[in-house]
Amino acid sequence: MIQDPAIGYRKPGTLDQTSTSGSPHQMNRTKIDDHMAMPELPTAGSIFHASWPVRTGDIHTDKSLRLDAIARYLQDAGFDNLVDRGAMETHPLWMVRRTVIDVLEPVVWPDRVHLQRWCSGLSSKWCSMRVRIRSDAGGLIETEAFWINIDPKTGMPATISEKFTAALASTAIDQHLHWRRWIDPAPDTTPSTDTPFPLRSSDFDPFDHVNNAIYWQPVEDALTDDLRRGPFRAILEYTQPIKRGEQVTARGGTNILHIDAGGEARASARWFALTPKSSDQG
């Protein structure tokens, strides 16, 4: 793989009361709609399961699971899912364009996580993958990511095979998935704070690109303690890879952060609080 104000959420098993029109699938929503709940766990179809203990290298100073660790979990689950489907030879390379993380109940070390991974949206060359992370102690993190299948020879988007598509389609509620950007990477006039973000050799993947989990580190630094005390959503969109030798800066504003290199945003993130619906029963 290429490792390249008050808002409502729903708990598992409840209906989203904020959606009144349009597609129920999150990855096709516009920026205005990206506060809506993610698609629910299907009752049938291809759902991949994985589980492992939380390690001390995954946690914040308060022992809660960090965002960059969650991103690594998503990578690991995706790789294991490909192996489980026998798809490593035919679909070895994927590029992530956006990851959405809802921390509803924090996972706190020591604990063990259980992941469920399934496709929520699909097109001929890309898909959105949901991963629900539960823990033995009651942690709950919901995620969704937009992945593009890449041809290893050309480096371009490639058609997903008919066999693999059948497994993905068994749970996809959107069969005509389109890409829409949620965060504008263009510079604006909002006052910002620029902080150098030096990279290490361990931050790069075999393609000499910064691993996508690393982009979450300055986001983690930017989150306030008040936000992290309650449920929140964090969104990260990737524009272009950062390569070895580039000088990187984290440009932060109010609830938004751009990771810049070469005078342009290579990735952009924003975050906001979530509040539970009064009708939640899950």
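Everything numeric here is computed off the predicted structure, so don't read it as measured data.
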> Answer yes or no: is there an ion pair linking Glu246 with Arg244, defined by an N-O contact shorter than 4.0 Å?
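Here Glu246 does not pair with Arg244 in a salt bridge, since their nearest N and O are not under 4.0 Å apart.
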> Looking at Gln247, I'd like to know if its CD atom is crowded, meaning that more than 12 non-hydrogen atoms belonging to other residues, nucleotides or ligands lie closer than 6.0 Å.
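Atom CD in Gln247 is not crowded, with 12 or fewer foreign heavy atoms closer than 6.0 Å.
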> I'd like to know if the side chain of Arg66 reaches the main chain of Ile59, judged simply by a donor and an acceptor atom lying under 3.5 Å from each other, with no hydrogens or angles considered.
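Yes; judged by distance alone, with no hydrogens or angles, the pair exists.
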> Does His176 offer a backbone N or O that forms a donor-acceptor pair with the side chain of His178 under 3.5 Å?
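Flag set: sc His178 to bb His176 pair under 3.5 Å.
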> Any donor-acceptor pair under 3.5 Å linking the side-chain atoms of Thr159 with those of Ser124?
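No pair is found: no donor N or O on one side chain lies under 3.5 Å from an acceptor on the other.
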> Under 3.5 Å, side chain of Asp102 to main-chain N/O of Leu104, donor-acceptor pair present?
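Not a single qualifying donor-acceptor pair exists.
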> Test Lys63 against every option in Asp111, Val108, Val54 by the side-chain contact (heavy atoms from CB on, under 4.5 Å) rule and name the one that passes.
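In the set Asp111, Val108, Val54, the residue that makes a side-chain contact (heavy atoms from CB on, under 4.5 Å) with Lys63 is Val108.
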> Is it true that the side chains of Asp62 and Ser64 contain a donor and an acceptor less than 3.5 Å apart?
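Present: a donor and an acceptor within the cut-off.
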> Donor-acceptor pair, distance only, cut-off 3.5 Å: does the side chain of Tyr215 make one with the backbone of Ile259?
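Looks like no, no N/O pair under 3.5 Å.
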> Does the distance from a Lys or Arg side-chain N to an Asp or Glu carboxylate O, for Arg72 and Asp68, drop under 4.0 Å?
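Looking at Asp68 together with Arg72, the answer is yes, because their closest N to O distance falls below 4.0 Å.
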> Take Gln217 and Asp203 through the side chain to side chain donor-acceptor pair (under 3.5 Å) test and state the conclusion after the steps.
CA-CA 11 Å; Gln217 293 180 356; Asp203 295 335; 5.1 Å; no
> Between Ser161 and Phe164, is there a donor-acceptor pair closer than 3.5 Å when you use the side chain of the first and the backbone of the second?
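Side chain of Ser161 to backbone of Phe164, a donor-acceptor pair under 3.5 Å: yes, one is there.
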> Determine, for Glu220 against Arg228, whether the closest basic-nitrogen to carboxylate-oxygen distance falls under 4.0 angstrom.
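Salt bridge present between Glu220 and Arg228.
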> Does the Arg130 side chain pair with the main chain of Trp118, one donor and one acceptor, at a distance under 3.5 Å?
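Not confirmed, Arg130 side chain does not pair with Trp118 backbone.
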> Trp182 ring centre to Arg98 NZ or CZ under 6.0 Å, with the angle to the axis within 45°?
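Verdict for Trp182: a cation-pi partner in Arg98.
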> Just to verify, which of Asp58, Ile141, Leu140, Ile70 counts as forming a side-chain contact (heavy atoms from CB on, under 4.5 Å) with Val107?
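Result: among Asp58, Ile141, Leu140, Ile70, Ile141 is the only option passing the side-chain contact (heavy atoms from CB on, under 4.5 Å) with Val107.
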> For Arg180, is there an ion pair with Glu237 - N to carboxylate O distance below 4.0 angstrom?
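A salt bridge is absent here (no side-chain N lies under 4.0 Å from a carboxylate O).
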> For the side chain of Asn149 and the backbone of Ala158, is there at least one donor-acceptor N/O pair under 3.5 Å apart?
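The answer is yes, because a donor-acceptor pair under 3.5 Å joins these two groups.
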> Donor-acceptor pair, Arg233 side chain versus Trp271 backbone, under 3.5 Å?
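No, the answer is negative, given that no donor and acceptor are paired below the 3.5 Å cut-off.
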